[in-house]
Amino acid sequence: MSSDQELRAQIHQLVAEYYQEAHAHRPFVPGQTRVPYGGRIFDANELIAAVDACLDFWLTVGPRTEAFEKRLAETIGVRSALTVNSGSSANLIAMAALRSNRLERPLQPGDEVITSAMGFSTTVAPIVQNGLVPVFIDCELGTYNLDTAQLEAARSDRTRAVFVAHTLGNPVDMEPVMEFARKHELYIIEDACDALGTTYDGRMVGSFGDLSTVSFYPAHHITTGEGGAVFTNDPLLARIAHSLRDWGRDCWCSHDSPRGGACGKRFEWTIPGLDEPYDHRYLFVEIGYNMKMTDVQAAIGLIQIDRLPAFVAARKANFQRMYDALRPYEDYLILPAWNDRADPAWFAFPITVRSGAPFTRRDLNGWLEERNIETRLLFGGNIVRQPGYRDIGYRAVGDLPHSDTVLRSSFFIGVYPGLDDARMDYVIHTLETFFAQQRSV
Ligand SMILES: Cc1ncc(COP(=O)(O)O)c(C=O)c1O
């Protein structure tokens with residue numbers, strides 16, 4: 001072994017020891033140890049992979065990002081995956097791709113995109129950022145996904161796309177969405193940021209839309225710290241998304257492309273009006289961004305993706321335990337619901353406090369938070385009531401009453417793999433104690 005390889009092996013060994021000392025033990029004292037709703041799950045392998053990538057010091061998009069993209073595409077079952085620096089960036093690139101002049105029928109300013117009023121801010125933001133008009137439809141209570149029965153009512157002659165999000169890992173009923181899109185020649189973007197590993201009709205979500213996205217923020221199913229990806233089966237959309245991520249340039253070289261470029265004629269491209277050939281690396285064909293993932297992040301992702309099946313199984317098991325424990329309190333709570341064809345890899349466990357309950361969401365959240373159990377509101381509730389979104393130009397189908405209910409009465413708690421039996425027992429016991437008190441009043 002050369003001395004740098006020897007040193008590397010020693011560093012790996014030390015990192016493994018460090019992991020054991022610093023991170024391996026997760027003691028739990030009920031009531032004192034915080035029970036978060038989500039978080040990164042890792043062991044020495046992720047630390048070693050990250051350190052190894054640092055020792056290579058490639059830093060930007062490189063061999064690991066490209067390997068990670070390959071694994072992601074295989075996992076979802078699509079032709080191409082593009083890593084980016086967040087799920088929000090993935091959504092922005094997906095939406096911007098549909099505005100590209102390189103498409104035969106690009107979306108034009110003022111065109112409409114149907115989406116749910118109930119969701120995360122950066123599902124809606126890219127619609128507005130691209131000069132398009134969101135048309136909001138209400139969510140269903142229980143699934144918290146957009147109500148597909150309202151799709152027709154949302155449509156106008158400016159409708160060009162539907163942007164669906166699989167809320168908390170629970171898949172949207174894709175059949176009517178696909179049918180609606182087919183009938184009216186609309187694009188579909190799937191925001192699967194919270195749903196990596198979820199299937200609908202036996203197919204991974206993220207494989208239905210023209211474009212789809214995931215996030216690798218630490219609370220998600222796998223993590224790279226910050227990070228995300230854009231998926232598509234369409235080679236032109238893949239090229240456009242790649243350009244948008246990489247400053248808007250046309251070049252699609254990988255880290256090991258020859259000097260003459262992946263195109264084979266790197267220095268022979270033309271710019272109209274210029275009588276000299278031009279370097280493909282500086283041929284800008286899109287109004288782009290720089291949203292690249294680093295090789296250090298991808299190194300972590302490559303370990304995490306191997307763990308995805310175990311992570312998904314743990315999420316499902318924790319969800320089922322919580323569901324069974326809360327069934328007796330359905331008179332107080334709306335419990336989660338899902339489609340017959342769905343097999344959700346749950347991101348979290350959503351709960352809505354019924355309007356007739358003798359307590360409010362605030363009472364229940366307060367009870368849990370005082371006992372160190374983290375609760376989260378269901379994202380923006382009704383997005384049109386959020387300060388930043390009140391004055392955007394939009395249309396809506398009706399008054400969005402369910403989204404208002406979510407704003408007022410819904411929240412979620414965790415089911416992530418970090419919740420072992422002791423933590424799950426504690427959360428369930430704490431909830432049961434709360435409901436026992438309500439019953440006894
Ligand atoms: C549905 C949905 N879309 C997009 C995002 C944004 O992802 P990121 O935090 O990676 O930007 C989130 C955030 O968690 C989300 O829940």
Tell me the closest heavy-atom pair linking [X] and [Y], and the distance in Å.
X      : Y      : value
Ile383 : Ser121 : CD1-CA, 4.0 Å
Asp210 : Tyr187 : OD2-CA, 3.3 Å
Ala53  : Asp295 : CB-O, 4.1 Å
Asn290 : Lys292 : OD1-NZ, 3.1 Å
Thr33  : Asn372 : O-CB, 3.9 Å
Gly142 : Asn170 : O-ND2, 4.4 Å

Under a 4.5 Å cut-off applied to non-hydrogen side-chain atoms, are [X] and [Y] in contact?
X      : Y      : value
Phe319 : Pro336 : yes
Leu103 : Leu236 : yes
His184 : Glu152 : yes
Arg26  : Arg423 : yes
Tyr389 : Pro134 : no
Ile114 : Thr159 : yes
Arg315 : His221 : yes
Asp256 : Pro63  : no

ask   = side chain to side chain donor-acceptor pair (under 3.5 Å): which pairs involve residues 194-206, sequence neighbours left out?
value = Asp173-Tyr200, Asp194-His220, Asp201-Arg341, Arg203-Ser207
Contact list for [range], test salt bridge (Lys or Arg N to Asp or Glu O under 4.0 Å), sequence neighbours left out:
range            : answer
residues 156-167 : Asp111-Arg158, Asp111-Arg160
residues 3-20    : Arg8-Asp52, Arg8-Asp56
residues 221-239 : Arg239-Asp250
residues 387-403 : Glu112-Arg395

ask   = Using a distance-only test with no angle check, is there a side-chain donor-acceptor pair under 3.5 angstrom linking Thr375 and Glu369?
value = yes
May I ask you to check whether over 12 heavy atoms, not counting those of [X], lie within 6.0 Å of atom [atom1]?
X      : atom1 : value
Gln5   : CD    : yes
Tyr18  : OH    : no
Arg362 : CZ    : no
Tyr217 : OH    : no

message = Going by ring pair (Phe, Tyr, Trp, His ring centres under 6.0 Å), name the residues that satisfy it together with Phe379, two or more places apart in sequence or in a different chain.
response = Phe120, Phe412
note = Hits for ring pair (Phe, Tyr, Trp, His ring centres under 6.0 Å) against Phe231, two or more places apart or cross-chain, chain-then-number order -> none
By side-chain hydrogen bond (donor to acceptor under 3.5 Å, both in side chains), which residues pair with [X], not counting sequence neighbours?
X      : answer
His166 : Glu190
His242 : none
Arg266 : Asp279

task = Begin with the C-alpha distance, continue with both residues' side-chain angles, and end with the deciding distance and a verdict on side chain to side chain donor-acceptor pair (under 3.5 Å) for Asn91 and Thr213.
result = CA-CA 6 Å; Asn91 282 350; Thr213 63; 2.7 Å; yes
ask   = Centroid-to-centroid, Trp346 to Tyr323, below 6.0 Å?
value = no
task = For Phe284, check side-chain contact (heavy atoms from CB on, under 4.5 Å) against everything at least two apart and list the hits.
result = Trp247, Arg249, Tyr282
request  = Using the ring-ring contact (aromatic ring centres under 6.0 Å, His included) rule, collect all pairs that involve residues 122-146, keeping only residues at least two apart or in two chains.
outcome  = Phe136-Tyr394
ask   = Hey, is the main chain of Leu132 close enough, under 3.5 Å, to the side chain of Asn130 for a donor-acceptor pair?
value = no
key: Euclidean distance, Glu69 CD relative to Leu302 CG, rounded to 0.5 Å   = 10.5 Å
